[in-house]
Visitor: 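I'd like to ask you about the structure that follows.
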Amino acid sequence: MHSSLVRRLSQERELEGHQGCVNAISWNSKGSLLISGSDDTHINVWSYSSRKLLHSIETGHSANVFCTKFVPETSDELVVSGAGDAEVRLFNLSRFSGRGLDDNAITPSALYQCHTRRVKKLAVEVGNPHVVWSASEDGTLRQHDFRQGSSCPPAGSSHQECRNILLDLRCGAKRSLADPPKQTLSLKSCDISSTRPHLLLVGGSDAFARLYDRRMLPPLTSCQKRMSPPPCVNYFCPMHLSEHGRSSLHLTHVTFSPNGEEVLLSYSGEHVYLMDVNHAGGRAMRYTVGDASKIMSFTPTLNGLELQPPIHDFLQTNIRVRGEVATGLGKCRMLVEIARNSLEEGKHPYYGIEACNEVLEGHLSGIGPMLRHECLCIRAALLLKRKWKNDAQMAIRDCYNARRIDSSSFRAHLYMSEALEQLCKYKEALDFAIAAQCLDPSNSVMAEKVENIKKHIAAAETEKNNKANDGGARSEPRTGRVLSLSDIIYRSEANSDASQDGPRSEREDSDYDEEVEVDFHTSVPGDEGRDVEANFLHGSLNVRIHRRGDSARETVDANGSSGSPSSSSQNDRIPYQPETVIDMKQRYVGHCNVGTDIKQASFLGQRGDYIASGSDDGRWFIWEKQTGRLIKMLLGDEAVVNCVQCHPFDCVVATSGIDNTIKIWTPSASVPSIVSGGAAGPDTADVLEAMESNQRKLSRNREHSLSYELLERFHMHEFSEGSLRPFECAQS
C-alpha cells in the first residue's frame, strides 16, 4: 500500500452470488480465497484469481450470518460461521468434491448451540487448526475446541454443561469509567493478535474495549453460574467518551494492527480511534477517573498562571523536541501559514485543520516549541469554528498542550474558554475567560465575553430552579415506575438475563412483552432549511416507558436465584477502584456509523499504514494512519458499506454492505483522485459536502440511535442490522 496506489483505487469487479445483505467477508491466509456470509444464510467462497464463485454453502442457520472465517492450517477446507440464531457451525469444504455448484446442502461438521443471543464475531488463532472463539450479545466469549466434541445441547436445556466460556461478561458493562461493571456487556466484536496470540481484544455495548491475556484468565466455565468479570490487561477508550454515561454509545468493531502494537476502535454514533497497545514500551497515553474534568479545570497560583502537574502520562507526546532543525521546517511553516489564512479569511476550516494535522502528527520531531504552540492554537480555533462532533473536545486537548508550552498564552486560555462554552460547561469557561482577561486587560472583547458567560450561568441556575419547582407539581397518573429511555435501554440486558439463561423458545416468547409498555408520539415539522435525506426520518421522537410490576424486582437466573455474581455481596463492601485507561492517539472523521452495529474499521496494507471504514452514506473512507488525513473516499454501496477487508499481500480491498454483492477494488484508475465511484462512474459529489452531511447525521444520532436501539431490541427476532435499513427503522 502506498498513497499513489490508494489514490488510484477504483472498483474492478462486482461479485454476484448472494440474495441478501453481505454482513461478513474475510480472506484466507494466502489471499487466494475470499469467504462471505449473508442474510440469505449462505456462505460463499470465491476465487481471488478468477473472481468467480467456487462454493455456496447452505448453512442451515435460521437467521442472518454475521461472521465467517477460514480455520487456519486446514488447507482452507474448514470454515466456520456465526449467526443471529445464536449458533456456531463448522463446515468441511472437502465434502463438495465432485459436486456441482447448485448442490450446496451440506451437514455441519460441528454445531454449537450454547450461546443464548446473536453471535456477532468469530476469531481464530494463526497456526491453530483446532479452536475458534465466538463473541455473542449474551455477554460471553466462548472457546470451541473441535477435539473435545462436535456439538453441544441447545442453551437452557436441562443437560447443558458446556464448559467453554472463556470470558463471562454478563456483569461486565460499565456506564462510565467511575461506575463499577454491573450490566451485561453485549459483545459486538473480538480479535486475536497475530503477533502475540495470547492477547485477546473485545468490544461491546459500552465505551470501553478490553484487552485480555488468555494465559492469565481463569479456567473455562459453564453458563450455570455467573462470574465476576476477570481482570483485563488494558482498557481502551478516548478520554472524552469515558465519562459520557450515555447508554447508546457502544463499539461496533475492534481490531489489532498487523504488527500487534496498536488497536483500532469504531464506535456507533462516533468516530474511529487509534490507540497504542502499550504491552511493554510505556508509550501509550493513560488516564484514570477525574482526569477528563481536570484537563478542563483552571488552577491559578499566587505568582501568576501555572499549569497543574501532568496527570499520569496522558496527553504526553513522548517525543523529544530537538529544536528547530532544517529538515521539513520550511514545509511546516508553509502549512502553518495555510492554516492561519484559513482561519483569518473565513475559508472552510477543514483544510486548515488538515494542514495542522500534517505538522503536528507528521513532522512533530522537526519543529520547535513555539511553532508547535502556534499550530496548536490555530488548530483549536479551527476546530471550534468547524463544530463537527467532538471538535470542541479535541480543541480542549490542543489548548491544554499549548498551555503546557506557554502558561501565559492568551489564545490558549481564550480558545479553552470557547470550547468549554460549546460544551455548556459555563463555570469552567468563566475561569479561563477571566484568566485570558487578566493576560490582556485592555481587550474589550474579553470583558464582554466574561459578562456573557456569567449570564449563561445565571440563566442555567434559573432554569434549574424552575425545573425543581415544577417537578413537585407534576404527578404521573400511571401506577408503575416510569423509566427514561436511556435507563430502559441500558438496563434491559440485565433485566432480561433470566430469560437469557432459559430455553430459547421461552426467551423469544417472553422478551419484554410482559414487562414494558411503550407510547410513541412523533411529530414531523418542516425541513427547517435542511436538505431532506432519504435514509433518515426528520422530526422528534418522544417515548415514555412504564415497567409493570414491582419496580424493585431483581434480576434472577434460570434457577430463581440472584443474577449477580456470587461474590457480589462481598464486593459491595469494597469501594470500587476505577481502572486506568489508555487514551486515543489519533481519530478519523468524515464517515457516519449510526445505522448498523456491524460496521468495521480496518488497517490497510501489510504495515497498516492506512485506516479504512464503511459509512452509512454508501461510501467508504481511507485515511492516512499517522496524520488522520483523508486520502480517498469511494462510493461502494447503494445504502451502507459495513465491511472493508484488505488483501493480505496485494493492494486490493474487498467491501460489502446492504447490497447483495461484494465489490473488489484495485489501483486501476488512470489518474489518482480523492473520490471514486462504483459501476455507475466516478462520484463527483464534493468531498466536504459528503462529510458535512455525515456529521449532521452524527449530531442527530443521540435521538435516532436511542429509538433505533430500542426498536432493535423489541424486534430482535424479526429484524437484523443487515436487513434493516436506517429509513425502514425510522418508519418502524
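We number each residue from 1, following the sequence as shown.
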Visitor: Are the side chains of Pro230 and Leu169 in touch, meaning some heavy atoms are under 4.5 Å apart?
Guide: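 Yes, at least one pair of side-chain atoms sits under 4.5 Å.
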
Visitor: Would the number of heavy atoms belonging to other residues, nucleotides or ligands and lying under 6.0 Å from CE of Met334 be above 12?
Guide: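 Counting neighbours around CE of Met334, more than 12 heavy atoms of other residues, nucleotides or ligands fall under 6.0 Å, so yes.
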
Visitor: Using 0.5 Å steps for rounding, measure from the CD1 atom of Ile434 to the NZ atom of Lys449.
Guide: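 Going from CD1 on Ile434 over to NZ on Lys449, the span is 12.5 Å.
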
Visitor: Out of curiosity, Arg696 CZ to Met691 CE, how far, rounded to the nearest 0.5 Å?
Guide: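 One gets 12.5 Å once the value is rounded to the nearest 0.5 Å.
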
Visitor: Please check if the side chain of Asp291 supplies one atom and the backbone of Thr288 the other of a donor-acceptor pair under 3.5 Å.
Guide: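 Looks like yes, one N/O pair under 3.5 Å.
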
Visitor: Should Ile631 and Arg7 count as side-chain neighbours, where that means a heavy-atom distance under 4.5 Å?
Guide: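 Side chain of Ile631 against side chain of Arg7, heavy atoms only: contact under 4.5 Å found.
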
Visitor: So if I apply the side chain to side chain contact (heavy atoms under 4.5 Å, CB included) rule between Phe236 and each of Leu265, Val581, Asp583, which one comes out positive?
Guide: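 Testing Phe236 for a side chain to side chain contact (heavy atoms under 4.5 Å, CB included) against Leu265, Val581, Asp583 leaves exactly one candidate, Leu265.
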
Visitor: Quick one: side-chain hydrogen bond (donor to acceptor under 3.5 Å, both in side chains) partners of Ser615, sequence neighbours excluded?
Guide: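 With sequence neighbours excluded, Ser615 shows a side-chain hydrogen bond (donor to acceptor under 3.5 Å, both in side chains) to Asp617, given in chain and number order.
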
Visitor: Gln695 side chain to Lys389 main-chain N or O, any donor-acceptor pair under 3.5 Å?
Guide: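 The answer is yes, because a donor-acceptor pair under 3.5 Å joins these two groups.
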
Visitor: A side-chain contact here means heavy atoms from C-beta on lying under 4.5 Å apart; do Met285 and Met584 qualify?
Guide: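 They are not in contact (no side-chain heavy atoms under 4.5 Å apart), so the answer is no.
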
Visitor: Mark yes or no for whether Ser257, through its side chain, and Glu262, through its backbone, hold a donor-acceptor pair below 3.5 Å.
Guide: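 The answer is yes, because a donor-acceptor pair under 3.5 Å joins these two groups.
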
Visitor: Between Ala601 and Thr255, what is the shortest heavy-atom contact and its length?
Guide: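 Ala601 and Thr255 have their closest heavy atoms at O-CG2, 3.6 Å.
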
Visitor: Treating Lys182 as the side-chain partner and Gly172 as the backbone partner, does any N or O pair qualify as donor plus acceptor under 3.5 Å?
Guide: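 No; zero donor-acceptor contacts below 3.5 Å.
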
Visitor: Starting from the C-alpha separation in whole Å, work towards a yes-or-no answer on side-chain contact (heavy atoms from CB on, under 4.5 Å) for Ser409 and His373.
Guide: CA-CA 9 Å; Ser409 170; His373 172 271; 2.9 Å; yes

Visitor: Please determine, by modelled atom types, if Ser176 and Asp179 share a side-chain donor-acceptor pair under 3.5 angstrom.
Guide: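 Ser176 vs Asp179: donor-acceptor pair found between side chains.
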
Visitor: Find out whether Val336 and Ile378 are in side-chain contact, i.e. whether some heavy atom of one side chain is under 4.5 Å from a heavy atom of the other.
Guide: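 Yes, at least one pair of side-chain atoms sits under 4.5 Å.
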
Visitor: Look up atom CG in Asp597 and atom OG in Ser266, then write down how far apart they are to the nearest 0.5 Å.
Guide: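 Separation between the atoms: 10.5 Å.
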
Visitor: Please assess Ile453 against Glu421 for the test side-chain contact (heavy atoms from CB on, under 4.5 Å), listing each intermediate value before the final yes or no.
Guide: CA-CA 8 Å; Ile453 296 176; Glu421 263 195 285; 3.7 Å; yes

Visitor: Got a donor-acceptor contact below 3.5 angstrom from the His413 side chain to the Arg411 backbone?
Guide: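 No, because the side chain of His413 does not come within donor-acceptor range (under 3.5 Å) of the backbone of Arg411.
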
Visitor: Taking 4.0 angstrom as the limit, do Lys467 and Glu463 come out as a salt bridge?
Guide: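 The answer is yes: the pair qualifies as a salt bridge.
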
Visitor: State whether Glu461 and Lys464 are salt-bridged, where the test is any N-O pair (Lys NZ or Arg NE/NH1/NH2 against Asp/Glu carboxylate O) under 4.0 Å.
Guide: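 No.
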
Visitor: What do you reckon, are the aromatic ring centroids of His240 and Tyr287 less than 6.0 Å apart?
Guide: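 Between Tyr287 and His240, which both carry aromatic rings, the centre distance is not below 6.0 Å.
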
Visitor: Please evaluate residues Leu634 and Ile622 with respect to the criterion side-chain contact (heavy atoms from CB on, under 4.5 Å), reporting the C-alpha separation (whole Å), side-chain torsions for both, the decisive distance (0.1 Å), and the verdict.
Guide: CA-CA 8 Å; Leu634 306 101; Ile622 303 176; 3.9 Å; yes

Visitor: Taking the side chain as every heavy atom from C-beta outward, state whether Tyr235 and Lys174 have any pair of such atoms under 4.5 Å apart.
Guide: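 Touching, per the 4.5 Å side-chain cut-off.
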
Visitor: Using the six-membered ring wherever Trp is involved, compare the ring planes of Trp623 and Tyr588 and label them parallel, tilted or perpendicular (cut-offs 30° and 60°).
Guide: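 Because their plane-to-plane angle lies in the 30° to 60° range, the rings of Trp623 and Tyr588 count as tilted.
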
Visitor: Is the side chain of Asn390 donor-acceptor paired with the backbone N or O of Gln393 at a distance under 3.5 Å, no angle test?
Guide: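 Checked: no pair found.
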
Visitor: Indicate whether any N or O donor in one side chain lies under 3.5 Å from an N or O acceptor in the other, for Asp406 and Ser408.
Guide: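 Ser408 and Asp406 do have a side-chain donor-acceptor pair below 3.5 Å.
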
Visitor: Are any non-hydrogen side-chain atoms of Met1 and Gln606 less than 4.5 angstrom apart?
Guide: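 The answer is no; the side chains never approach within 4.5 Å.
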
Visitor: For the CG atom of Leu698 and the SG atom of Cys592, what is their distance to the nearest 0.5 Å?
Guide: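 SG of Cys592 is found 4.5 Å from CG of Leu698.
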
Visitor: Any heavy-atom pair between the side chains of Val254 and Val202 that's under 4.5 Å?
Guide: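 Answer no - side chains too far apart.
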
Visitor: Using side chain to side chain donor-acceptor pair (under 3.5 Å), reason through Thr596 and Lys599 one step at a time and then give a plain yes or no.
Guide: CA-CA 6 Å; Thr596 63; Lys599 197 168 282 89; 2.8 Å; yes

Visitor: So, the side chain of Asp616 versus the backbone of Val594: is there a donor-acceptor pair under 3.5 Å, distance only?
Guide: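 Yes; at least one donor-acceptor contact below 3.5 Å.
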
Visitor: Got a donor-acceptor contact below 3.5 angstrom from the Asp398 side chain to the Cys377 backbone?
Guide: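 It does not hold such a pair.
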
Visitor: Take Val6 and Glu624 through the side-chain contact (heavy atoms from CB on, under 4.5 Å) test and state the conclusion after the steps.
Guide: CA-CA 10 Å; Val6 173; Glu624 191 176 58; over 6 Å; no

Visitor: Are any of the side-chain heavy atoms of Leu241 and Tyr273 separated by less than 4.5 Å?
Guide: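 Answer yes - side chains close enough.
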
Visitor: Using 4.0 Å as the upper bound for N to carboxylate O, is an ion pair formed by Lys585 and Glu361?
Guide: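 No, this pair does not count.
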
Visitor: Over all heavy atoms of both residues, which pair between Val644 and Ala612 is shortest? Give the atoms and the distance, please.
Guide: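 Closest heavy-atom pair between Val644 and Ala612: CG1-CB, 3.7 Å.
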
Visitor: Restricting to side-chain hydrogen bond (donor to acceptor under 3.5 Å, both in side chains), what partner residues turn up for Asp213, sequence neighbours left out?
Guide: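 Here the qualifying residues are Arg215.
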
Visitor: Do Asn357 and Arg379 meet the criterion of a side-chain donor-acceptor pair at a distance under 3.5 Å?
Guide: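 Present: a donor and an acceptor within the cut-off.
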
Visitor: Decide side chain to side chain donor-acceptor pair (under 3.5 Å) for Ser673 and Lys632; before the verdict, give the C-alpha distance in whole Å, the side-chain angles of both, and the deciding distance to 0.1 Å.
Guide: CA-CA 7 Å; Ser673 66; Lys632 190 77 171 176; 3.1 Å; yes

Visitor: Output yes when a side-chain donor or acceptor of Asp191 lies under 3.5 Å from a complementary backbone atom of Leu201, and no otherwise.
Guide: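 A pair under 3.5 Å: no.
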
Visitor: Between Leu371 and Cys332, which heavy-atom pair has the shortest distance, and what is it?
Guide: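 Reported closest heavy-atom pair: CD2-CB, 4.2 Å.
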
Visitor: Please answer whether the main-chain N or O of Thr252 pairs with a side-chain N or O of Lys188 as donor and acceptor at a distance below 3.5 Å.
Guide: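 It does not hold such a pair.
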
Visitor: Ion pair present between Asp391 and Lys385, side-chain N to carboxylate O less than 4.0 angstrom?
Guide: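 Looking at Lys385 together with Asp391, the answer is no, because their closest N to O distance does not fall below 4.0 Å.
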
Visitor: Report, one line per pair, each donor and acceptor closer than 3.5 Å where one atom sits in a side chain of residues 347-354; sequence neighbours left out.
Guide:
from, atom 1, to, atom 2, distance (Å)
Lys347, NZ, Glu345, OE1, 3.3
His348, ND1, Tyr350, N, 3.0
His348, NE2, Glu692, OE2, 2.6
Tyr350, OH, Glu354, OE2, 3.2
Glu354, OE2, Leu630, N, 3.4

